[in-house]
Amino acid sequence: MRDKVVKLAKIFSIFFRIGLFTFGGGFAMIPLIRRELVDKQGWIDEERFIDAILVTQTVPGAVAINLSIFFGYRLLGLAGAVVAAFAVALPSFLIILGFASFFNNFAGHSLVDNIFKGIRPAIVGLILYGGFQLSKSIKWTGSLVLITVLALLATSVLNISPVIIILLVLLITLIDHLLRGRRIIPDKGIQVVKEGQDAENIA
Amino acid sequence: MLKTLLDLFVSFFKIGLFGFGGGYAMISLIQNELNNHGWLSMEEFVNIIAVAEMTPGPIAINSGTYVGYKVSGLAGSVVATLAVVVPSFILVLLLSLFYDKVRRSDYIIKLLQYLRPILIALVLAAAVFVARTSIIDFNSVLIVLVVLFLLHKTKIHPVMVIILAGVSGALLYG
């Protein structure tokens, strides 16, 4: 019992720190988690760690949260999962609450408005560059480009909800899986994540 | 009040449930919900994305906390933040239980392949959406181009990009 409480406290402090220091969220936190759980604590081995990164991507939701829940559960069951998720979300929760009350007081102040006028277009650049980085993990073919363009038009021009599009993808994958069985298109992105160890299975 | 909290919960639950790929890919989803309820002006939402970039933590959590607080105070922020996390929680736990079956499953690998181009489309849609509220004049076009150049040519940190852009905003529009 005492051991469990000590370990929970440790899980809390590790994931709180991870939540506090991961700017840009998601994938940026992977090296930090690896250092804490694999290198420092030795709670998880390297291969399991890489598998976990791959598997948690298939679940919707913020990458940071998913990873914390996954590792929390691996380390100490349900209690571990709850504590890790709570700890990783707490810093951003507190910071945004602070920001919200700040913004209520300072919105309309011309200096603050001008600063945000400059920041907003920078966000366009950051997002575009993020999309560009992501696109490098794909082996582009004509039909993939077409799908991407259609999905883009559907959301930004026709205002179709992303929920519908994602449900469609889940359905198409399922049909394809049932019809074509085990045949899998080689994919360089996944092989990179798996660091080649399973490349022959996938190809 | 209770109705608002319930609406918040449902909306952010949906965002958590369908937000594959996290981060930028979730922006379109969040924007869709905010638009439907008129909870936040789009300018304000883009400001939140900016704050999310500057502060630690996922955009989904940050938006949940902010929108919840704005719509119904502390209770709202707790409800919306929880609602984003609950779907992940359930799904990741299920995943952990079937981990050994799932981790080499063909369906999962295929799903990732099919989802990836769609996620890119959603990220681009987010860029289009943010551009609509933030590209207002020649200066803002210039900022986008400079940011893209810096990101591509140097190893500049996104937080630094935002600080520089904020300073430029103060100078250009001041």
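In what follows, chains carry the letters A, B, and so on, assigned in the order in which the sequence lines appear, proteins first and then strands, with residues in each chain numbered from 1. Because only heavy atoms are used, hydrogens play no part in the values below, and waters and symmetry mates are left out as well, while side chains stay in.
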Ile65(A) vs Pro58(B) side-chain heavy atoms within contact, under 4.5 Å:
yes

Do the rings of Tyr129(A) and His152(B) sit parallel, tilted or perpendicular, given the 30° and 60° boundaries?
perpendicular

Would you mind checking which part of [X] comes under 4.5 Å of any heavy atom in chain A, side chain (CB onward), backbone (N, CA, C, O), both or neither?
X: Pro87(B); answer: neither
X: Thr133(B); answer: backbone
X: Tyr24(B); answer: side chain
X: Glu43(B); answer: both
X: Leu74(B); answer: side chain
X: Ile61(B); answer: side chain
X: Ile48(B); answer: side chain
X: Asn47(B); answer: both
X: Phe89(B); answer: both
X: Leu171(B); answer: neither
X: Val147(B); answer: side chain

Just do the side-chain contact (heavy atoms from CB on, under 4.5 Å) check on Asp176(A) and Tyr114(B) with the steps written out, would you?
CA-CA 10 Å; Asp176(A) 178 272; Tyr114(B) 279 100; 3.0 Å; yes

Answer with side chain, backbone, both or neither: which region of [X] has an atom nearer than 4.5 Å to a non-hydrogen atom of chain B?
X: Ala81(A); value: both
X: Leu97(A); value: both
X: Val82(A); value: both
X: Phe132(A); value: side chain
X: Ile165(A); value: side chain
X: Leu126(A); value: both

Please rank [options] by heavy-atom pairs under 4.5 Å with chain A and give me the top one.
options: Gly64(B), Ala60(B), Ser134(B); result: Ser134(B)
options: Val167(B), Val128(B), Leu151(B); result: Leu151(B)
options: Val51(B), Ile135(B), Ile49(B), Val46(B); result: Val51(B)
options: Ile15(B), Ile162(B), Val141(B); result: Ile162(B)
options: Leu145(B), Val78(B), Leu119(B); result: Val78(B)
options: Gly19(B), Ala131(B), Ala25(B); result: Gly19(B)

Under a 4.5 Å heavy-atom cutoff, which of [options] has the most pairs with chain B?
options: Leu153(A), Ile115(A), Thr155(A), Leu111(A); result: Ile115(A)
options: Ile18(A), Leu167(A), Val149(A), Ile172(A); result: Leu167(A)
options: Phe93(A), Phe70(A), Tyr73(A); result: Phe93(A)
options: Gly131(A), Ala100(A), Ala154(A), Ser110(A); result: Ala100(A)

Consider only side-chain N and O atoms of Tyr173(B) and Asp113(A), and report whether a donor and an acceptor are under 3.5 Å apart.
no

Where do Ser101(A) and Tyr69(B) land on the side-chain contact (heavy atoms from CB on, under 4.5 Å) test, with the steps shown first?
CA-CA 9 Å; Ser101(A) 51; Tyr69(B) 182 79; 4.1 Å; yes

Would you name the heavy atoms of Ser88(B) and Gly61(A) that are closest together and state the gap between them?
OG-CA, 3.6 Å

Residue pair Ile136(B), Lys117(A): steps toward the side-chain contact (heavy atoms from CB on, under 4.5 Å) verdict:
CA-CA 9 Å; Ile136(B) 43 170; Lys117(A) 247 192 210 167; 4.1 Å; yes

Roughly how far apart are Ile69(A) CD1 and Leu95(B) CG, rounded to 0.5 Å?
11.0 Å

Pairwise distance CG(Leu128(A)) to CG(Leu148(B)) - rounded to 0.5 angstrom:
5.5 Å

Given Ser92(A), which partner from the list Thr65(B), Asn62(B), Thr55(B), Thr81(B) fulfils the side chain to side chain contact (heavy atoms under 4.5 Å, CB included) test?
Asn62(B)

